[in-house]
2 protein chains.
Amino acid sequence: MIRISTKTQYGLRAMVYLAKNKKKTCSLKEISKAEKIPFDYLEKIVSRIEKSGLIESKRGSHGGYFLARSPSKVKTGEIVRVLEGREGLVSCIADKNGRKRNCPLSKKCLTKKFWLRIQNSLEKALNSITLANLIAK
Amino acid sequence: MIRISTKTQYGLRAMVYLAKNKKKTCSLKEISKAEKIPFDYLEKIVSRIEKSGLIESKRGSHGGYFLARSPSKVKTGEIVRVLEGREGLVSCIADKNGRKRNCPLSKKCLTKKFWLRIQNSLEKALNSITLANLIAK
DNA sequence: TTAAAACCGACTATTATTGTCGGTTTTAGT
DNA sequence: ACTAAAACCGACAATAATAGTCGGTTTTAA
Ligand code: FES
Ligand code: FES
């Protein structure tokens with residue numbers, strides 16, 4: 001089966017943690033401990049998410065991170081997109097620096113539309129679930 | 001976006017080629033040329049597919065490969081599964097040597113069920129399309 | 001003033017992917 | 001019987017992606 005990178009899994013776990021604790025700002029140390037994610041790696045991941053605008057930070061002592069929107073407004077697809085980077089399920093599908101190895105077939109290719117269809121279905125699934133859905137139940 | 005390996009893309013293209021030419025046995029050379037896939041790499045890929053039983057081979061001069069079943073009986077999901085190997089969209093989901101890094105959370109984890117759900121939706125999409133669907137239209 | 005935090009860039013290690021090579025075996029055609 | 005074309009096989013190599021680490025700087029509350 002296709003694999004989701006552990007980076008993305010870590011990222012989602014961190015986001016879920018923030019959603020569960022949306023009252024306060026959570027430090028990396030706290031998240032790292034609770035979710036058992038290597039501190040330094042988590043930092044890189046969270047920093048990336050922050051740049052995307054999904055979360056915000058407060059610096060200095062007692063600083064930390066918190067969601068920029070309410071959990072019900074954050075689709076899991078957004079998180080995956082930020083962390084997985086790269087456009088396109090396959091390289092032939094247009095690319096925003098996921099490295100498009102320019103395909104010699106393209107026109108005659110019978111598989112391109114297929115992958116596109118799979119990609120759409122995947123995106124639809126991811127975008128139909130929010131952080132709020134995850135922490136409910 | 002999550003990426004499908006080029007191995008799997010090559011493999012699907014090869015299968016589509018066999019489906020289009022289901023009358024005859026096709027040599028690797030032929031497929032390799034038509035689909036612009038590196039010969040030696042294609043060999044490895046096709047050999048893997050053959051072991052799975054989706055295609056059969058005929059050795060010796062004038063040998064080649066052909067589909068083991070009719071195109072309408074071959075789900076794209078089967079091809080992807082064979083080539084992508086590994087069970088589970090994420091490592092926490094049970095694994096048939098996709099390397100399960102045993103997860104310390106598991107019980108409390110809110111994301112596992114989510115990934116499982118995505119995986120199911122993906123598999124459903126892949127299994128709803130056959131080689132016959134791809135070569136039609 | 002200090003300690004805890006975010007922030008940053010460079011670096012390393014490991015693993016996965018993609019591809020190559022040199023052969024052996026099988027088989028149809030001559 | 002010989003030859004050429006094919007499948008078959010295992011080991012290797014190059015590259016790229018992932019996962020993780022390190023040594024710092026800056027900001028801020030207490
Ligand atoms: S493989 Fe590139 S368009 Fe189909
Ligand atoms: S991260 Fe392993 S079960 Fe959720």
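Reminder, nothing fancy here: chain letters follow the sequence lines and each chain counts from 1.
- B:D40 has its CG atom 7 Å from the P atom of C:dT20, to the nearest Å.
- The distance from atom CG of B:L42 to atom P of D:dC8 is 12 Å, rounded to the nearest whole Å.
- Across the protein-nucleic acid pair, B:E43 atom CD and C:dT24 atom C1' stand 12 Å apart, rounded to whole Å.
- When the nearest nucleotides of DNA chain D are assigned to B:G64 and A:P38 by heavy-atom distance, the more 5′-ward of the two goes with B:G64.
- Within the 4.5 Å cutoff, no side-chain heavy atoms of A:L126 are placed close to those of A:R81.
- Between B:E30 atom CD and D:dA7 atom C1' there is a gap of 14 Å when expressed in whole angstrom units.
- When side chains are defined from C-beta on, B:F39 counts as touching B:K29, because their heavy atoms get closer than 4.5 Å.
- In this model, the phosphate group of C:dA5 is not approached by any side-chain N or O of A:Y65 to a distance below 4.0 Å at OP1 or OP2.
- For the contact set between residues 14-25 of chain A and DNA chain C, defined by any heavy atom under 4.0 Å, there are no members.
- At most 12 non-hydrogen atoms from other residues, nucleotides or ligands lie less than 6.0 angstrom from NZ of B:K22.
- Counted within 6.0 Å of NZ on A:K33, heavy atoms from surrounding residues, nucleotides or ligands total 12 or fewer; the atom is thus considered open.
- Contact check for A:M1 versus B:E123: side-chain heavy atoms found under the 4.5 Å cut-off.
- Looking at heavy-atom distances under 4.0 Å, A:K29 makes contact with sugar-phosphate atoms alone, never a base.
- If you measure from atom CZ of B:F39 to atom C1' of C:dG22, you get 13 Å, rounded to the nearest angstrom.
- For the pair A:R3 CZ and D:dA17 P, the interatomic distance rounds to 19 Å; values are reported in whole Å.
- Looking at heavy atoms from C-beta onward, A:T130 lies out of side-chain contact with A:V74 at the 4.5 angstrom threshold.
- Every pair passing salt bridge (Lys or Arg N to Asp or Glu O under 4.0 Å) that includes a residue from residues 46-70 of chain A is listed here, sequence neighbours excluded: A:R69-A:E78.
- Closest approach of B:Q119 to B:G88, counting heavy atoms only: OE1-CA, 3.4 Å.
- Within residues 47-62 of chain B, the residues that place at least one heavy atom under 4.0 Å from DNA chain D are, in residue-number order, B:E50, B:K51, B:S57, B:K58, B:R59, B:G60, B:S61.
- The nearest whole Å value for the distance from the NZ atom in B:K44 to the C1' atom in C:dT20 is 9 Å.
- Between B:L83 atom CG and B:K44 atom NZ the span is 12.0 Å, to the nearest 0.5 Å.
- At D:dT18, none of the side-chain N or O atoms of A:Y41 fall inside 4.0 Å of OP1 or OP2 (strictly under the cut-off).
- Closest to the side chain of B:S27, from the set C:dC21, D:dA7, C:dT18, is D:dA7.
- Between B:I45 atom CD1 and C:dT20 atom P there is a gap of 11 Å when expressed in whole angstrom units.
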